[in-house]
Amino acid sequence: MPQKGRKRKPRAVVDTSVLVAGISGFREPFVPGRNPSADVLQRWAEDNNFVWLVTEDILDEYKEILKRRRVRSNLIGRVVNLIRERAEEIKVRSLVEISPDPKDDPFCLCSEQGKADFIVTLNPKDFPEDRLKAKVLPPGRFLA
């Protein structure tokens with residue numbers, strides 16, 4: 001039973017654009033506030049301040065894009081394993097086209113079926129808020 005006064009953690013789908021930008025923010029010494037995407041990743045890793053929602057398709061895309069960006073494979077493995085361990089995996093049951101970019105449909109479907117409060121992205125045009133229950137926010141506004 002939920003305790004009185006304890007707020008439910010926000011549920012969020014993190015777009016690949018935020019993951020990639022966030023990881024690049026850790027190349028130099030991490031400074032809070034310099035890279036909003038890195039701030040989202042840091043706060044989640046340290047404080048577990050939101051429920052990260054994923055599907056197998058989303059994890060596959062994370063791996064594929066990070067590999068394409070020439071992120072070292074051992075780092076990709078560590079990042080994806082951490083996400084897999086701590087995120088909530090959503091089993092998507094339908095394939096509906098929501099996004100103008102078909103590659104973003106898995107994120108939209110995860111959001112809808114996982115009852116996400118937010119989609120965190122650097123590409124808001126790919127996530128039509130009029131077709132989604134979740135609020136679409138850039139990383140800087142998500143943590144505000």
Side-chain angles (χ1 to χ4, degrees), residues 2-92 95 97-144:
Q3 293 175 324
K4 279 195 162 92
R6 267 189 70 184
K7 261 180 37 191
R8 168 178 96 80
K9 283 184 195 171
R11 299 169 65 77
V13 174
V14 178
D15 185 27
T16 311
S17 61
V18 174
L19 182 65
V20 170
I23 287 173
S24 74
F26 290 102
R27 280 203 198 117
E28 314 98 41
F30 174 70
V31 176
R34 186 187 314 154
N35 176 330
S37 296
D39 291 343
V40 168
L41 301 183
Q42 172 75 16
R43 299 252 311 262
W44 177 76
E46 298 274 311
D47 306 332
N48 202 13
N49 61 337
F50 67 93
V51 178
W52 189 324
L53 303 175
V54 296
T55 64
E56 275 307 316
D57 285 346
I58 289 173
L59 291 171
D60 288 346
E61 176 170 316
Y62 288 167
K63 286 186 264 192
E64 182 189 322
I65 301 298
L66 290 170
K67 189 189 287 181
R68 205 178 311 151
R69 291 301 196 89
R70 295 189 169 82
V71 173
R72 292 187 317 275
S73 57
N74 64 336
L75 179 59
I76 295 172
R78 287 193 9 228
V79 167
V80 170
N81 286 340
L82 176 68
I83 295 168
R84 187 185 297 277
E85 253 168 53
R86 293 194 25 206
E88 183 179 318
E89 187 174 340
I90 304 301
K91 301 283 187 225
V92 175
L95 295 172
E97 290 178 17
I98 297 173
S99 173
D101 180 348
K103 289 202 280 312
D104 285 319
D105 280 330
F107 294 88
C108 294
L109 292 167
C110 178
S111 163
E112 290 298 283
Q113 292 179 17
K115 297 180 176 33
D117 301 300
F118 302 100
I119 295 176
V120 188
T121 183
L122 296 171
N123 306 315
K125 68 184 183 331
D126 293 337
F127 298 94
E129 272 191 289
D130 60 333
R131 301 192 62 197
L132 295 162
K133 291 181 190 85
K135 199 163 181 43
V136 179
L137 293 176
R141 294 234 351 261
F142 175 58
L143 291 174

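Predicted, not measured: the structure shown is a model, and the values here were computed from it.
Across all their heavy atoms, A21 and S24 have their closest contact at O-OG, 2.8 Å. Here the closest non-hydrogen pair linking A87 and W52 is CB-O, 3.1 Å. Taking both residues in full, the closest heavy atoms of L41 and I23 are given as CD1-N, 3.7 Å, listed atom of the first, atom of the second, then distance. Between V18 and V120, the closest heavy-atom pair is CG2-O, 3.5 Å. Taking every heavy atom of both residues into account, V13 and C110 meet most closely at CG2-SG, 4.0 Å. When every heavy atom of F118 is checked against every heavy atom of P10, the shortest pair comes out as CE1-CB, 3.8 Å.
Between K9 and N49, every side-chain heavy-atom pair lies at or beyond the 4.5 Å cut-off. Taking 4.5 Å as the limit, every side-chain heavy atom of V54 sits out of range of all side-chain heavy atoms of R84. In this structure, the side chains of E56 and K91 stay at 4.5 Å or more apart for every pair of heavy atoms. Contact of the V20 side chain with the R69 side chain is registered, since non-hydrogen atoms from C-beta on lie closer than 4.5 Å.
Within the structure, side chain to side chain donor-acceptor pair (under 3.5 Å) contacts touching residues 31-47 (residues at least two apart or in different chains) are E28-R34. Within the structure, no pair that satisfies the salt bridge (Lys or Arg N to Asp or Glu O under 4.0 Å) test touches residues 72-81, not counting sequence neighbours.
Applying the side chain to side chain donor-acceptor pair (under 3.5 Å) rule to D117 yields the partners R8; only residues at least two apart in sequence or on another chain are considered. Residues meeting the side chain to side chain contact (heavy atoms under 4.5 Å, CB included) test with R70, sequence neighbours left out: none. Residues satisfying the side chain to side chain donor-acceptor pair (under 3.5 Å) criterion with S17, sequence neighbours excluded, are D15.
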**Prompt:** Does the side chain to side chain contact (heavy atoms under 4.5 Å, CB included) test come out yes or no for T55 and L59, once each step is laid out?
**Reply:** CA-CA 6 Å; T55 64; L59 291 171; over 6 Å; no
**Item:** Step-by-step side chain to side chain contact (heavy atoms under 4.5 Å, CB included) determination, V79 to Y62
**Value:** CA-CA 9 Å; V79 167; Y62 288 167; over 6 Å; no
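Judged by distance alone, with hydrogens and angles left aside, the side-chain atoms of S99 form no donor-acceptor pair with the main-chain N or O of P102 at under 3.5 Å.
Heavy atoms of other residues, nucleotides or ligands lying less than 6.0 angstrom from CZ of R86 number more than 12.
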Acceptor/donor pairs from residues 124-144 side chains to any protein atom, 3.5 angstrom cut, sequence neighbours excluded:
from : atom 1 : to   : atom 2 : distance (Å)
E129 : OE2    : V136 : N      : 3.0
R131 : NH1    : E97  : O      : 3.4
R131 : NH1    : I98  : O      : 3.1
R131 : NH2    : E97  : O      : 2.9
K133 : NZ     : E112 : OE1    : 3.3

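Taking OG1 from T16 and CZ from F107, the interatomic distance works out to 3.0 Å, rounded to the nearest 0.5 Å. Expressed to the nearest 0.5 Å, how far OG1 of T121 lies from CG of D104 amounts to 6.5 Å. Note: I58 CD1 to L19 CG = 11.0 Å, rounded to the nearest 0.5 Å.
Using a 4.0 Å cut-off between charged side-chain N and carboxylate O, K63 and E61 make no salt bridge.
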